[in-house]
Visitor: 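Pasting a structure here, questions to come.
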Amino acid sequence: EVQLQASGGGLVQSGGSLGLSCVVSGITFDDYGIGWFRQAPGKEREGVSCITNSDGTTYYADSVKGRFAISNDKAKNTVYLQMNSLEPEDTAVYYCAAETAYCAAYTYRSGGNGINYWGQGTQVTVSS
């Protein structure tokens with residue numbers, strides 16, 4: 001059974017930081033790109049960031065470049081998203097997701113077309 005277990009959400013003030021984790025099981029970690037999407041109430045799902053586990057290539061949405069950093073720990077089958085300088089506009093449910101082979105920019109720009117597996121969400125709330 002494939003599982004993507006997301007954790008680390010919470011409530012933080014504007015300008016603060018939070019870290020998310022996604023523990024992956026049931027698939028070969030290096031055979032996938034693992035990333036994060038988010039969805040705020042009344043808005044479409046947005047691709048945030050992704051890392052191709054085989055070579056470390058990363059993707060960031062323009063809205064988070066310079067503020068968010070994605071990384072992985074292959075020994076723990078875990079992907080991390082460090083979120084700094086958080087803004088109220090970052091408030092959303094964040095989902096981790098797995099895509100076969102590598103992170104495709106199209107997948108993230110399209111809101112998730114091409115994702116093979118989804119994890120459950122974790123709420124991130126940024127207060128002003």
Side-chain angles (χ1 to χ4, degrees):
E1 179 187 6
V2 178
Q3 289 191 335
L4 286 78
Q5 186 71 37
S7 62
L11 173 65
V12 65
Q13 289 189 331
S14 182
S17 298
L18 275 177
L20 304 182
S21 299
C22 178
V23 179
V24 180
S25 61
I27 56 176
T28 301
F29 196 67
D30 259 10
D31 290 346
Y32 286 82
I34 306 293
W36 297 90
F37 290 79
R38 66 187 181 186
Q39 190 163 23
K43 294 190 176 181
E44 292 188 351
R45 187 168 58 203
E46 177 189 12
V48 176
S49 181
C50 180
I51 185 166
T52 296
N53 287 326
S54 60
D55 66 5
T57 304
T58 58
Y59 165 87
Y60 294 96
D62 288 344
S63 58
V64 306
K65 279 181 183 175
R67 300 189 298 122
F68 290 13
I70 194 167
S71 62
N72 64 12
D73 184 335
K74 293 187 179 186
K76 296 182 178 180
N77 278 11
T78 301
V79 170
Y80 303 97
L81 185 68
Q82 180 63 37
M83 305 183 294
N84 300 321
S85 302
L86 283 162
E87 304 165 351
E89 292 73 22
D90 296 314
T91 295
V93 177
Y94 284 69
Y95 299 89
C96 62
E99 178 178 20
T100 302
Y102 64 93
C103 298
Y106 168 78
T107 297
Y108 284 75
R109 290 171 183 159
S110 69
N113 289 332
I115 290 296
N116 300 100
Y117 302 103
W118 292 94
Q120 93 291 359
T122 185
Q123 177 71 47
V124 172
T125 303
V126 185
S127 63
S128 57

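Here the structure is a predicted model, which is why all the values come from computation and not from measurement.
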Visitor: State whether the number of non-hydrogen atoms from other residues, nucleotides or ligands found under 6.0 Å of Lys76 atom NZ is greater than 12.
Guide: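 12 or below, so no.
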Visitor: Compare all side-chain heavy atoms of Met83 with those of Val64 and state whether any distance is below 4.5 angstrom.
Guide: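 They are not in side-chain contact.
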Visitor: Taking Gln5 for its side chain and Gly119 for its backbone only, find out whether a donor-acceptor pair lies under 3.5 Å.
Guide: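 It does not hold such a pair.
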Visitor: Do Asn72 and Phe29 have side chains that get closer than 4.5 Å, going by heavy atoms?
Guide: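 They are in side-chain contact.
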Visitor: Start with the C-alpha gap between Phe37 and Ile115, add the side-chain angles, then the distance that decides, and say whether side-chain contact (heavy atoms from CB on, under 4.5 Å) holds.
Guide: CA-CA 11 Å; Phe37 290 79; Ile115 290 296; 3.7 Å; yes
Visitor: Which pair of non-hydrogen atoms, one from Ala98 and one from Leu4, has the smallest distance, and what is that distance?
Guide: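 Closest approach of Ala98 to Leu4, heavy atoms only: N-CD2, 3.7 Å.
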Visitor: Look at the side chain of Arg45 and the backbone N and O of Gln39, then say whether any donor-acceptor pair between them is shorter than 3.5 Å.
Guide: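 Side chain of Arg45 to backbone of Gln39, a donor-acceptor pair under 3.5 Å: no, none is there.
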Visitor: Can you list the residues that meet the side chain to side chain donor-acceptor pair (under 3.5 Å) rule with Asn77, with sequence neighbours excluded?
Guide: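 Once residues adjacent in sequence are excluded, Asn77 has no partner under the side chain to side chain donor-acceptor pair (under 3.5 Å) criterion.
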Visitor: Is a side-chain donor or acceptor of Asp73 paired with a backbone partner of Ala75 at a separation under 3.5 angstrom?
Guide: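 Flag set: sc Asp73 to bb Ala75 pair under 3.5 Å.
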Visitor: How about Val124 and Leu20: do any of their side-chain heavy atoms sit closer than 4.5 Å?
Guide: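 The answer is yes; the side chains approach within 4.5 Å.
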Visitor: Looking at every heavy atom in both Gly47 and Ala61, which two are closest together, and how far apart are they?
Guide: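 Smallest interatomic distance, heavy atoms only, reads O-CB, 3.3 Å.
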Visitor: From the options Glu87, Glu89, Glu46, select the one residue that forms a side-chain hydrogen bond (donor to acceptor under 3.5 Å, both in side chains) with Ser63.
Guide: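 By the side-chain hydrogen bond (donor to acceptor under 3.5 Å, both in side chains) criterion, Ser63 pairs with just one of Glu87, Glu89, Glu46: Glu46.
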Visitor: Using modelled atom types only, decide if a donor and an acceptor are shared between the side chain of Glu99 and the backbone of Thr107 within a distance under 3.5 Å.
Guide: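 It does not hold such a pair.
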Visitor: Which heavy atom of Gln120 sits nearest to which heavy atom of Ala6, and what is that distance?
Guide: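 Minimum heavy-atom contact is NE2-O, 2.7 Å.
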Visitor: Kindly state each residue pair satisfying ring pair (Phe, Tyr, Trp, His ring centres under 6.0 Å) with at least one member in residues 51-90, sequence neighbours excluded.
Guide: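 Passing the test, one end in residues 51-90: Tyr59-Tyr108.
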Visitor: List in chain and number order the residues that pass side chain to side chain donor-acceptor pair (under 3.5 Å) with Ser21, two or more places apart in sequence or in another chain; answer none if no residue qualifies.
Guide: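 Partners of Ser21 under the side chain to side chain donor-acceptor pair (under 3.5 Å) test: none.
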Visitor: Given the rule that I, L, V, M, F, W and Y join up when any side-chain heavy atoms are under 4.5 Å apart, are Val126 and Val93 in one cluster?
Guide: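 Val126 and Val93: separate clusters.
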Visitor: When the side chains of residues 10-19 are checked against the rest of the protein, which donor-acceptor pairs come out under 3.5 Å, sequence neighbours left out?
Guide:
{"from": "Ser17", "atom 1": "OG", "to": "Asn84", "atom 2": "OD1", "distance (Å)": "2.9"}

Visitor: Please list all pairs passing the ring pair (Phe, Tyr, Trp, His ring centres under 6.0 Å) test where one or both residues lie in residues 81-106, with sequence neighbours left out.
Guide: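 Matches after skipping sequence neighbours: none remain.
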Visitor: Could you note down all residue pairs passing disulfide (SG to SG under 2.5 Å) where residues 91-128 supplies at least one of them, sequence neighbours left out?
Guide: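 For residues 91-128: Cys22-Cys96, Cys50-Cys103.
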Visitor: Look at the side chain of Thr58 and the backbone N and O of Ile51, then say whether any donor-acceptor pair between them is shorter than 3.5 Å.
Guide: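 Not confirmed, Thr58 side chain does not pair with Ile51 backbone.
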Visitor: Go through the steps to decide whether Val79 and Asn53 satisfy the test side-chain contact (heavy atoms from CB on, under 4.5 Å), and finish with yes or no.
Guide: CA-CA 9 Å; Val79 170; Asn53 287 326; 4.1 Å; yes
